[in-house]
Amino acid sequence: MPELPEVEAVRRALQPVMERARFERVLVRRPDLRVRLPRKFAARLEGQTVQTLGRRGKYLLAELSSGDVLVMHLGMSGSFRVEIDAKGTTPERFDDERSPGAAHDHVVFRMSAGATITFNDPRRFGSIALVSRKDVQCHRTLGALGPEPLGPEFDAAVLARACRGKKTSLKAALSDQRVLAGLGNIYVCEALHRARLSPRRRAGSIATSTGAPRAPAYRLVTAIKKVMNDAIRRATAPQENRPDGRDAADLPNRFCVYDRDGRRCLTARCTGTIRRIVQAGRSTFFCPLCQR
DNA sequence: CCGCGGGCCTGAGAGC
DNA sequence: TGCTCTCAGGCCCGCG
C-alpha cells in the first residue's frame, strides 16, 4: 500500500541507479497494466537518459533528455527491484520476452550504468506512461494534484481554502489527491488521529466561510507533516536493500490507529478504544473519544 | 457538479 | 489439508 512515504523511499533507492543513466534496453513482458502500454513504448524509451528522478504525490517522475517524462505509479502492489549486474552479463530474461522470469515482472529496464530495474506488480493497479513534459501540467490527474504535504507552500491557509464549503467528510477530503497529494487510507487515518479530529467531521468545518483557517486546520497541517516525516524516516531506514513500494520493516505498533480496531487508543491520557467504520467503501480507524 | 459506489486485480487469511 | 469466500485499497468512471 505505497503512499507518499513509501514512494519517496522507492525514489531514493532508484535515484543512484537511474539518474544520468540511459535506458539501454526496455522489455515489456505484460503491457496490460492499469493503463495499457503502447506498442512503441520500449522503442520510445530506449536510448533516452534520465536527468532527474523526482516525485509528485504518489507518482515517480523520471525527467528524460528528450523532454519526455516517464510517469510511474505503484498502485496497490507495485514494486521495483534493482539488480546490479556483474560486468558484461545480461540477465536471462532479456534473451526472450516469453522466458519465464519471476511472476508479475511486467516491465524491465536495463540501464547503461549496469543496473537492471524490474517493475513487479501482482495486481496491476500500477501504471507506467510516457508523457511529454509540456503535457504534464494538463495531464488529467498529474496536473490536478494538490500541494505536496511536506512543501513549504502547504500550510493551514492552503488546506482551509481547499476544504472551504466542502460537505464531504475530512476523511474523504484528505484522501482526495486534488486536495493534497500523496496521502492514502493509512496516513489519512494516522494524521486525523494525531490532530484529534474525527474522520466523519465535515471538511468545510476547518475553515471559516471566507476560507480562513480555524484552529483544527493548523492542528491538521502540523499532524500531516509530522506523520509524513516520521513515515519517510521509517520507510527509508537503512536496514534492507529493498527499493520496493511495500512497507519497510513490518514492526509491530507501526501505526497508532490503522488496523488497531478494538485496541486501546494510544493518545496520552485517552482511555478510548479504536473503532473501525466504513467510509466511501473504505475502512477508517479512529478513536471516538479523543477525535472530535 | 459533487459524492458515492462499483469495478479493476490478485494474494492473504478466515472459515468450513 | 484444501477449497471457497471475503477483504485489502489507488484510481477511474458512471450514476443519481
Undergrad: In this structure, how many angstroms lie between the P atom of dG3(B) and the CD atom of Gln279(A), rounded?
TA: 13 Å

Undergrad: Remember a base hit wins even if backbone is also touched, and classify Ser283(A) as base, sugar-phosphate or nothing at under 4.0 Å, heavy atoms.
TA: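 If one applies the 4.0 Å heavy-atom cut-off, Ser283(A) turns out to touch the sugar-phosphate alone, with no base involved.
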
Undergrad: Look at the side chain of Pro122(A) and decide which nucleotide, out of dG3(B), dT10(B), dG9(C), has an atom nearest to it.
TA: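 The answer is dT10(B), which lies nearest to the side chain.
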
Undergrad: Using the aromatic ring of Phe125(A) (for Trp, its six-membered ring), decide whether it stacks on the base of dC8(B) within the limits of 5.5 Å and 30°.
TA: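 Whether judged by distance or by angle, Phe125(A) passes, so it stacks on the base of dC8(B).
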
Undergrad: Atom CZ of residue position Arg178(A) - does it have more than 12 heavy atoms of other residues, nucleotides or ligands inside 6.0 Å?
TA: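 For Arg178(A), atom CZ is not crowded (no more than 12 foreign heavy atoms under 6.0 Å).
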
Undergrad: Arg124(A) near the nucleic acid: base, sugar-phosphate alone, or nothing, with a heavy-atom cut-off under 4.0 Å?
TA: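 Sugar-phosphate only.
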
Undergrad: OP1 or OP2 of dC9(B) sitting under 4.0 Å from any side-chain N/O of His104(A)?
TA: no

Undergrad: Phosphate oxygens OP1/OP2 of dC12(C): is one of them under 4.0 Å from a side-chain N or O of Thr141(A)?
TA: yes

Undergrad: Counting side-chain heavy atoms from CB outward, which of dG9(C), dG3(B), dG10(C) is closest to Lys166(A)?
TA: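 Looking only at heavy atoms from C-beta outward on Lys166(A), the closest nucleotide is dG3(B).
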
Undergrad: Can you tell me if the side-chain N/O atoms of Ser77(A) get under 4.0 Å from OP1 or OP2 in dT10(B)?
TA: no

Undergrad: Is the Phe285(A) ring parallel, tilted or perpendicular to the Tyr258(A) ring (thresholds 30°, 60°)?
TA: perpendicular

Undergrad: Is Arg123(A) close enough and on-axis enough to Phe125(A), meaning under 6.0 Å and within 45°, for cation-pi?
TA: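 Yes, a cation-pi geometry.
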
Undergrad: Does a sphere of radius 6.0 Å around CZ in Arg36(A) hold more than 12 heavy atoms from other residues, nucleotides or ligands, not counting ones at 6.0 Å or beyond?
TA: yes

Undergrad: Thinking salt bridges, do Arg56(A) and Glu148(A) make one under a 4.0 Å N-O criterion?
TA: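 Salt bridge: yes.
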
Undergrad: Tell me what Arg276(A) touches on the nucleic acid: a base, only sugar-phosphate, or nothing, going by heavy atoms under 4.0 Å.
TA: sugar-phosphate

Undergrad: How close or far is atom P of dC9(B) from atom CG of Asn120(A), stated in whole angstroms?
TA: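 Rounded to whole Å, this separation is 17 Å.
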
Undergrad: Per the end-axis method with five pairs at each terminus, what is the bend angle of the helix from dC2(B)-dG16(C) to dC16(B)-dG2(C), to 10°?
TA: 50°

Undergrad: Counting just side-chain N and O atoms, does His73(A) come under 4.0 Å of either OP1 or OP2 of dG10(C)?
TA: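 Negative; the distance criterion is not met.
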
Undergrad: Given that Ala280(A) and Arg30(A) both sit by DNA chain B, which one's nearest nucleotide is further toward the 5' end?
TA: Ala280(A)

Undergrad: If I take atom CE in residue Met72(A) and atom C1' in nucleotide dG10(C), what distance separates them, rounded to the nearest angstrom?
TA: 17 Å

Undergrad: Could you state the atom-to-atom distance from CG of Leu4(A) to P of dG10(C) in whole Å?
TA: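 The answer, rounded to whole Å, is 12 Å.
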
Undergrad: To the nearest angstrom, how far is Met76(A) atom CE from dG7(B) atom C1'?
TA: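 It works out to 15 Å between those atoms.
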
Undergrad: Run through Asp105(A), Leu74(A), Val28(A) and flag the one making a side chain to side chain contact (heavy atoms under 4.5 Å, CB included) with Phe119(A).
TA: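 Going through the options one by one, the only one that passes is Leu74(A).
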
Undergrad: Can you tell me if Tyr258(A) touches the phosphate of dG9(C), counting only side-chain N or O atoms and a distance under 4.0 Å to OP1 or OP2?
TA: yes

Undergrad: I'd like to know if Arg123(A) reaches the base of dA8(C) with its side chain such that a donor and an acceptor end up less than 3.5 angstrom apart.
TA: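 Check passes, donor-acceptor contact within cut-off.
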
Undergrad: State whether Asp230(A) and Lys226(A) are salt-bridged, where the test is any N-O pair (Lys NZ or Arg NE/NH1/NH2 against Asp/Glu carboxylate O) under 4.0 Å.
TA: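 Result for this pair is yes, salt bridge flagged.
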
